[in-house]
Amino acid sequence: MNFEDIEQVAVLGAGNMGHGIAEVAALAGYDVTMRDIKEEFVEDGYENIEWSLGKLAENGQISEEEADEVLHRIEPLVDFEAAVAEADVVIEAVPERMDVKKDVYAELEEYAPDEAIVATNTSSLSITELSEVTERPEQFCGMHFFNPPVRMALVEVIRGEHTSDETLDAVEELAEAFDKSPVRVRKDSPGFIVNRVLVPQMNEACWLVHDDVATVAEVDSTTKFDMGLPMGAFELGDQVGHDVTLHVLEYLHEVLGDAYEPCPLLEETVESEKLGKKTGEGFYDYENGGVDIPADAGRDDVEARLLAVMANEVGKLVQDDVAPVGDIDEAMMLGAGYPEGPGKRADAYGLDDLIETLESAREETGAARYEVSDGLRNAAEEGGFYGGAEEGETVSFEQIEVEVDGAVGHITLDRPARMNTITVQMIDEIDAALDQFDADDDVRAVILEGGGDRAFSAGFDAASAAPGSGLEASEMSRKGQQVFGRLEEVGMPVVAAVDGYCLGGGMELATAADMRIASEGAQFGQPEHNLGLLPGWGGTQRLKHVVGEGRAKEIIFTARNDYDPETMADYGFVNEVLGPDEFDDRKWELARDLAAGPPIAQKLTKRAMLAGRDDTDAGLEYEASAFGHLFTTDDVWEGLAAFQQDREPEFEGK
Ligand SMILES: C/C=C/C(=O)SCCNC(=O)CCNC(=O)[C@H](O)C(C)(C)COP(=O)(O)OP(=O)(O)OC[C@H]1O[C@@H](n2cnc3c(N)ncnc32)[C@H](O)[C@@H]1OP(=O)(O)O
């Protein structure tokens, strides 16, 4: 079955995941059948879809008419034969029990067309083992969605031992057609990627508390405020459900051995039915105040331990060729909301230090979970998961220039003869420059500009090798989205100083900066529609947050390349328009002013704004906690003292 031939999707199971997957498939325009064993289950699933589509319409993401059309594309059924008889792809999302799945596959073989692909949404069972229950193991793979499927971008597409390339390609393209970001899991390995990293981390959080090394408050404060993860470890566990975590962990333990021994604290929590939010109580009591994480209780040793455990898992996944580190990082960012992948984060922390943390924990406890993996050791020998530069060694750049001037990191796109057009190499170099600035405590603001006097950047380099396939183009899009997104994530203010053309991908790069100043000669636009493309480096998403959706659509749909800076200032895109004599001085003045600001408050402000972008309540919660955290820093006392003494504050980021 090729992707192009897929018209009808059958989803087996109308529970939480099943109905969400059915909704996603119908939103993508597919005819969908959704089947469960009882009328009431199917009805519940259908009503949930109706509610969710209503929400999408309410938020303006789809129109009322589209919501109706999508709903009508879904046929809720109990009759198995009717559900799968015409299906091109069957996505199975029934309970995680081998016996249940076996029964379902037996029926499926009776009624589904021979050529149909079967994908399982299992999060914990072996794809190979499941495929062997069917009569089509080569047309079988994993398609693991995250909860709720309508909102979570990641889909892990998992190869079983017998899966054909054709099946994997088709399912990967189907996930893309569902508007998801597939990450390929090359081997059927327990927990795949996200659960394999996340669940041991949750287990370790429990061990830290169980062994009296730290309290729940200290662990959650460390994860949320020091590590910048979207939730505290226990807060996340409560959200996911501790029974679910324990179930995956038991499977890891059974297949992979003692390194995954479940912590008794987790087992006791499940035994006492404190499963988390869904039962009203987990590590937090949701009927009495809910989550309450102090912003100032973080501990360096807790961070080291959790990061070391994660890095160890990344090492095992890379060593076993389950996925390359870039894919692991992408999966963790998309599937677990990590601001930065664990591989990259571990590199920045220092793999040798993490190995030392594991070795001393192993010596103290004798526990198998601290045994350093070969993958982690090899990565450390190679200078990092990303083969990072040794200390003191300078990274060499060909397409950008990177300098540090006082407290300002300065990136110049350096292809003036080619209008500073952006290549994949340039994106990688920007990524590396941000790594360099991130690791340098002295760098407290960034200027980004174009070399020469004709362009900030005229966008994607359309003259260099075009992507060879749709898949390659999607990969390139994702890479740009992710690296440009780092401008939003780095903990310091970023200024784009725009002179000349700022078009297409160049404008998407500038959009990801925190502020934009422009010379009077600047010219802006998203001309991608002229090329039959769309802005693929974040432009369909980030621009609307700066100028509002109406203006963003105007800029993208008109595809003009001549928006002047005054108009862009009216639209709220450009912060200042400057004459040719002022432009250079002003960019440095602004960057130096920003670099003198309070680093922790600046970092937390960026994170709070990002956390609240799609979820104001989450952003407000982050803001309140961050506000509390700032009162524990030296910077706030320096700021207050300087105010009293009528002098300029000297913030140290402490
Ligand atoms: C995901 C991201 C997607 C994207 O970014 S898609 C690309 C979006 N960008 C564009 O569509 C802009 C395309 N370029 C233009 O429209 C024009 O150019 C300008 C308005 C920027 C400048 O026009 P003028 O002043 O007449 O100069 P010139 O002779 O057209 O350009 C100078 C040299 O620069 C090359 N160039 C300009 N833009 C690109 C580009 N985007 N990719 C590759 N090369 C580009 C040209 O071809 C030429 O080169 P030579 O001197 O060898 O003839």
Side-chain angles (χ1 to χ4, degrees), residues 153 176 179 181 330 398-400 411-431 434 448-488 496-513 516 518-547 551-565 567-568 573-574 580:
E176 276 168 11
D179 202 19
S181 302
E330 186 183 350
E398 287 173 9
Q399 301 197 351
I400 62 175
I411 301 177
T412 308
L413 309 181
D414 192 23
R415 302 180 77 217
R418 306 299 313 165
M419 295 269 186
N420 299 319
T421 46
I422 300 171
T423 62
V424 171
Q425 180 179 339
M426 185 185 274
I427 295 174
D428 283 335
E429 291 187 7
I430 293 171
D431 200 20
L434 292 174
L448 181 63
E449 66 176 333
D453 54 8
R454 294 201 62 200
F456 173 80
S457 166
F460 166 60
D461 180 359
S464 67
S469 66
L471 214 57
E472 225 180 273
S474 290
E475 286 302 313
M476 193 182 85
S477 167
R478 262 184 223 115
K479 180 184 266 262
Q481 289 170 350
Q482 191 248 320
V483 173
F484 292 6
R486 289 198 64 204
L487 298 180
E488 298 181 314
V498 178
D499 191 12
Y501 289 110
C502 180
L503 302 177
M507 179 150 161
E508 291 172 290
L509 182 60
T511 306
R516 288 153 288 277
S519 76
E520 284 167 355
Q523 250 176 267
F524 297 85
Q526 297 284 173
E528 285 87 343
H529 279 195
N530 291 335
L531 306 174
L533 290 172
L534 56 71
W537 284 332
T540 65
Q541 302 304 308
R542 294 192 179 111
L543 184 57
K544 68 181 182 212
H545 294 297
V546 183
V547 298
R551 289 296 185 200
K553 282 186 174 161
E554 173 201 310
I555 293 166
I556 294 169
F557 282 104
T558 59
R560 284 169 47 188
N561 66 5
D562 61 353
Y563 276 96
D564 59 59
T567 305
M568 293 308 286
F573 187 79
V574 166

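First listed ligand is number 1; within each ligand, the first listed atom is number 1. Numbering starts at 1 and runs along the sequence shown. Values reported hereafter were calculated over all heavy atoms of this structure, with side chains retained and with hydrogens, waters and symmetry mates removed. All of these numbers come straight from a predicted model, not from anything done at the bench.
Each of the atoms 5 (O) of ligand 1 lies under 4.0 Å from some heavy atom of Gly459. Atom numbering of ligand 1 starts at 1 in the shown order; those under 4.0 Å from a heavy atom of Gly504 are 5 (O), 8 (C). Those atoms of ligand 1 with a heavy atom of Asp461 less than 4.0 angstrom away are 42 (N), 43 (C). Near Asn561, the atoms of ligand 1 lying under 4.0 angstrom from a non-hydrogen atom of the residue are 16 (O), 20 (C).
For atom 49 (O) of ligand 1, the choice among Arg418, Glu528, Glu508, Arg454 with the nearest heavy atom turns out to be Arg418.
Among all protein heavy atoms, the one lying closest to atom 23 (O) of ligand 1 is Tyr501 OH, 4.1 Å. For atom 42 (N) of ligand 1, the nearest non-hydrogen atom of the protein is Ala462 N, 2.8 Å. Scanning all protein heavy atoms for the shortest distance to atom 45 (C) of ligand 1 gives Thr421 CG2, 4.0 Å. Taking atom 9 (N) of ligand 1 as the reference point, the nearest protein heavy-atom neighbour is Ala458 O, 2.9 Å. The shortest contact between atom 31 (O) of ligand 1 and any protein heavy atom is with Met419 CE, 3.7 Å. The closest protein non-hydrogen atom to atom 4 (C) of ligand 1 is Phe460 CB, 3.3 Å. Counting only heavy atoms of the protein, atom 21 (C) of ligand 1 lies nearest to Leu503 CD1, 3.7 Å. Of all protein heavy atoms, the one closest to atom 7 (C) of ligand 1 is Leu531 CD1, 3.8 Å.
In this structure, atom 53 (O) of ligand 1 has no protein heavy-atom contact shorter than 4.0 Å. Within the 4.0 angstrom cut-off, atom 26 (O) of ligand 1 has no protein heavy-atom neighbours. There is a protein heavy atom closer than 4.0 angstrom to atom 38 (N) of ligand 1. For atom 29 (O) of ligand 1, the protein comes within 4.0 Å by no heavy atom at all.
For Arg516 (side chain) and Thr511 (main-chain N/O), a donor-acceptor pair under 3.5 Å exists by modelled atom type. In this structure, Glu488 contributes its side chain and Ala512 its backbone to no donor-acceptor pair below 3.5 Å. Looking at Arg542, its side chain does come within 3.5 Å of a backbone N or O of Gln481 through a donor-acceptor pair. In this structure, the side chain of Gln523 engages the main chain of Asn561 through a donor-acceptor pair within 3.5 Å. Between the side chain of Ser519 and the backbone N or O of Gly521, at least one donor-acceptor pair lies under 3.5 Å. Remark: the backbone N or O of Thr423 is not paired with any side-chain donor or acceptor of Asp461 at under 3.5 angstrom. Using modelled atom types, one side-chain atom of Ser457 and one backbone atom of Asn420 make a donor-acceptor pair closer than 3.5 Å. In this structure, Arg454 contributes its side chain and Met419 its backbone to no donor-acceptor pair below 3.5 Å.
By the 4.0 Å heavy-atom criterion, Gly480 is excluded from the residues contacting ligand 1.
Within the 4.5 Å cutoff, the side chain of Thr567 has no heavy atoms near those of the Phe573 side chain.
Checked against a 3.5 angstrom limit, the closest N/O atoms of Gly505 and ligand 1 fall inside it.
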Subject >> Worked verdict on Leu434 versus Leu487 for side chain to side chain contact (heavy atoms under 4.5 Å, CB included) >> reply: CA-CA 8 Å; Leu434 292 174; Leu487 298 180; 3.8 Å; yes
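Checked options Leu534, Thr540, Ile556; the residue passing with Gln526 is Ile556 (criterion: side chain to side chain contact (heavy atoms under 4.5 Å, CB included)). Shown are Val574, Leu503, Asp564, Asp562; of these, the side chain to side chain contact (heavy atoms under 4.5 Å, CB included) with Phe524 is made only by Val574.
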